[in-house]
Asker: 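Questions regarding the structure given below will be posed in turn.
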Amino acid sequence: SLSDNLQNTFKKIRGHGKLTEKNITDAMREVRMALLEADVEFSVAKTFIANVKERALGETVLKSVSPGQQIVKIFQDEMAALLGVDAEGLDLNPPARILMVGLNGAGKTTTSAKLALHLRKEGRRPLLVACDLMRPAAIDQLATLGKQIDVPVYTPDPNEKDVLKVAKDALKWIENQNGTVTIFDTAGRQEIDNELVAELKKLRDFLDPKETLLVADSATGQQAVSVAQHFEEAIGITGIVLTKLDGDARGGAALSMRSVTQKPIKFAGVGEKMSELEAFDPERVAGRILG
Amino acid sequence: LNRFKSGEPVDWDDLEETLITGDLGIRLTTEIVDILQAKKGQITAETIVEACTEEIKSILGESPALPQKREDGLPTVILVAGVNGVGKTTSIAKLAHLLKKQGNSVMLAAADTFRAAAIEQLTVWADRLDVPIIKTQYQGDPSAVCYDAHKSAITNNVDFLICDTAGRLHTKSNLMEELKKIERTIAKQDDTAPHERWIVVDATTGSNALNQAREFNKALELNGLIVTKLDGSGKGGSIVAVKHELDIPARFIGTGEGENDFSAFDSDAFIASIL
Ligand SMILES: Nc1nc2c(ncn2[C@@H]2O[C@H](COP(=O)(O)OP(=O)(O)OP(=O)(O)O)[C@@H](O)[C@H]2O)c(=O)[nH]1
Ligand SMILES: Nc1nc2c(ncn2[C@@H]2O[C@H](COP(=O)(O)OP(=O)(O)OP(=O)(O)O)[C@@H](O)[C@H]2O)c(=O)[nH]1
Ligand SMILES: [Mg+2]
Ligand SMILES: [Mg+2]
């Protein structure tokens, strides 16, 4: 682990005076390895290390702690602070609409249903709208999940090709429901697919959602920056949901996406069950990234 | 890469960044850069791409043959596994389409009985591609589906039986045990089956792909890998690390959501996109 590696690097140094520039530089090599192994994006890792190096240089080696341990603590604190800042809740002012977006297979449909259940447990009346007209049985999938959690789902005709028409019809349907917040599930797409991103932009502009959540797989590698940046620039996101954190992905994508968009990571998907959605825990993910 | 600056020294940092951002992982990247740097003076900015290509190519090895029809008339059984959302079901549809276009008879086993509308999803594909599908009710036994499908494939002289399975994280031992049970069940009617045991990996996954491959390999002794979503920004470099450590070769790539967005793995094209 990084802690072990740093402890080895600093075996002989004990607590007095400032951390030297050499202490820091030696540690940076180890931390860089750890960040890249944790799938933090290359330039994000570089920037993060440079910023923390500044802070570390001012620190005094505490008597009871080895410099290695101290540097790990500095990094963990910095990372948890970066990951956790302004992790507020959801803007659910009426008309409360939440748009779920992201790459193919990230977990949007599952997360849409989990979020609906979460909101219902909070005493709200959620509705789900199936706007994925592309994937076979996507509408069935959301309808099935909606039934499991007892949340009404707007299901378009699977032969419908126009997602804006579906959105228009869904808004009409919503008027006759007794809902207080609506979650719109969308089709997966690759962030560099200009046509599909343009379609999503039209949908977003039409719905004018209070929240646009980027659903992303926590095991995403070096493309995390590209993914987050493209969605942010094209449609503007208000938050991120990291999924499949119940696995052993190190989760560096959290740092990458957060750094490049400055948007909060609002939730963590921690399993396939509808109950397995948690508030994002920055300390735990920081610990996981640094290993 | 500073590749075409004639007479210039190699920008090793640039090469390192290229490989890391291609998701080859820092460890394998360091190993490759060390090997190339050890070839003292033989490599210049002009030849670095070629040298690096050769190095990665030697890791990836020869592309294996396409899945073969059996000579004894029994179906070739292909078991497809992987973590959640990587593209197993869609890749199976694409593979069925490809094999059918080549003149083979294909059957599908909808053995993801767990996820909402998983059976429906594969059924839509089966109908579109005009391929028979064996399924059971939602939350039925996946091993039983594979057994019944295998029985039907044998009886009907089907050339290829492809078994879809539920996505599962490799860290969940009960789910990995279920997968092993599926494999054992398939072996009941033909102890050489399943003949192909593949993992599907997402091209945008980072180093976790290696963890995935390790665990699925322990469960199934994988002999192939499909890398999907190469139409996106992901380079799929993690599959080089998988080949390097576990010797599991890439067989096919997915390049989109349609049934034709699928082709045999080609290491030249793959490496070119990384470099
Ligand atoms: N283990 C685990 N699996 C998850 C989690 N979230 C989603 N999944 C699974 O990931 C797979 C993909 O989820 P979907 O909800 O279909 O993903 P999607 O983004 O809607 O996919 P597309 O609509 O095709 O782009 C399914 O097998 C889900 O059960 C999670 O937090 N943990
Ligand atoms: N762009 C792109 N999308 C793909 C590719 N392969 C699969 N997909 C999409 O990825 C999403 C997930 O695909 P599935 O086939 O449902 O994945 P899976 O592994 O079976 O998922 P689970 O069964 O839930 O674990 C769908 O939206 C597919 O259309 C590909 O090569 N390119
Ligand atoms: Mg979906
Ligand atoms: Mg599937």
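Heavy-atom basis, side chains included; hydrogens, waters and symmetry copies ignored. To find a chain, count down the sequence lines: A is the first, B the second, and so on, and within it residues start at 1.
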Asker: Begin with the C-alpha distance, continue with both residues' side-chain angles, and end with the deciding distance and a verdict on side chain to side chain contact (heavy atoms under 4.5 Å, CB included) for A:L36 and B:I20.
Answerer: CA-CA 8 Å; A:L36 292 175; B:I20 289 172; 3.8 Å; yes

Asker: Tell me, out of A:H230, A:E272, A:M33, who's got the most heavy-atom pairs with chain B below 4.5 Å.
Answerer: A:E272

Asker: Return yes when atom CZ of A:R284 has more than 12 non-hydrogen atoms of other residues, nucleotides or ligands closer than 6.0 Å, and no otherwise.
Answerer: no

Asker: How far apart are the closest heavy atoms of A:Q222 and B:T21, and which atoms are they?
Answerer: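 For A:Q222 and B:T21, the tightest heavy-atom pair comes out as CB-O, 3.4 Å.
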
Asker: With a 3.5 Å cut-off and no angle check, do the side chains of A:N104 and B:E257 form a donor-acceptor pair?
Answerer: yes

Asker: Quick one: which of A:R135, A:R250, A:R189 has the most heavy-atom pairs under 4.5 Å with chain B, could you say?
Answerer: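 Result: the option with the highest number of such pairs is A:R135.
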
Asker: Run the side chain to side chain contact (heavy atoms under 4.5 Å, CB included) test on A:T110 and B:R115 for me, step by step, so that the C-alpha distance in whole Å, both residues' side-chain angles and the decisive distance to 0.1 Å come before the verdict.
Answerer: CA-CA 10 Å; A:T110 308; B:R115 205 208 67 215; 5.7 Å; no

Asker: For A:R288, I'd like to know if atom CZ has over 12 heavy atoms of other residues, nucleotides or ligands within 6.0 Å.
Answerer: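 More than 12 heavy atoms, drawn from other residues, nucleotides or ligands, come within 6.0 Å of this atom.
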
Asker: More than 12 foreign heavy atoms under 6.0 Å from NZ of A:K147: is that the case here?
Answerer: no

Asker: For the candidates A:I192, A:T144, A:L142, which exhibits the highest count of non-hydrogen atom pairs separated by less than 4.5 Å from chain B?
Answerer: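 Highest number of pairs under 4.5 Å: A:I192.
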
Asker: Under 4.5 Å from any heavy atom of chain B, what part of A:T220 do you find: side chain, backbone, both or neither?
Answerer: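 Its backbone and side chain both get close to chain B.
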
Asker: Between B:G237, B:A117, B:A209, B:G87, which shows the greatest number of heavy-atom pairs under 4.5 Å with chain A?
Answerer: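 Max contact count across the listed options: B:A117.
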
Asker: Should the heavy atoms of other residues, nucleotides or ligands under 6.0 Å from CZ of A:R29 be counted, would the total exceed 12?
Answerer: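 No, the 6.0 Å shell around CZ holds no more than 12 heavy atoms from other groups.
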
Asker: Chain A: which of B:D23, B:T123, B:T205, B:T89 shares the most heavy-atom pairs with it under 4.5 Å?
Answerer: B:D23

Asker: Between CD1 of B:I26 and CZ of A:F42, what distance do you get to the nearest 0.5 Å?
Answerer: 8.0 Å

Asker: Can you establish whether the number of heavy atoms outside B:K172 located under 6.0 Å from its atom NZ is more than 12?
Answerer: yes

Asker: Tell me which of these, A:G105, A:P136, A:A137, has more heavy-atom pairs under 4.5 Å with chain B than the rest.
Answerer: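 Looking at each option in turn, the highest pair count goes to A:P136.
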
Asker: Nearest 0.5 angstrom please: B:K229 NZ to A:Q223 CD, how far?
Answerer: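 The distance works out to 13.5 Å.
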
Asker: If you count every heavy atom of other residues, nucleotides or ligands that lies below 6.0 Å from A:K202 atom NZ, does the total exceed 12?
Answerer: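 Result for NZ/A:K202: open.
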
Asker: Give, as side chain, backbone, both or neither, the part of A:E191 having an atom under 4.5 angstrom from any heavy atom of chain B.
Answerer: side chain

Asker: For A:G247, does its backbone N or O pair with a side-chain atom of B:T171 as donor and acceptor, under 3.5 Å?
Answerer: no

Asker: To the nearest 0.5 Å, how far apart are CD in A:Q190 and OG1 in B:T204?
Answerer: 6.5 Å

Asker: Rounded to the nearest 0.5 Å, how far apart are NE2 of B:H170 and CG of A:D248?
Answerer: 3.5 Å

Asker: Step by step, would you call A:D246 with B:L169 a side chain to side chain contact (heavy atoms under 4.5 Å, CB included)?
Answerer: CA-CA 8 Å; A:D246 44 317; B:L169 292 184; 3.3 Å; yes

Asker: In terms of heavy-atom proximity below 4.5 Å to chain B, should A:L103 be classed as side chain, backbone, both, or neither?
Answerer: side chain

Asker: I need the A:K244 NZ to B:N84 CG distance, nearest 0.5 Å.
Answerer: 6.0 Å

Asker: If you look at every heavy atom in A:E37 and B:S207, which pair is closest and at what distance?
Answerer: O-OG, 3.3 Å

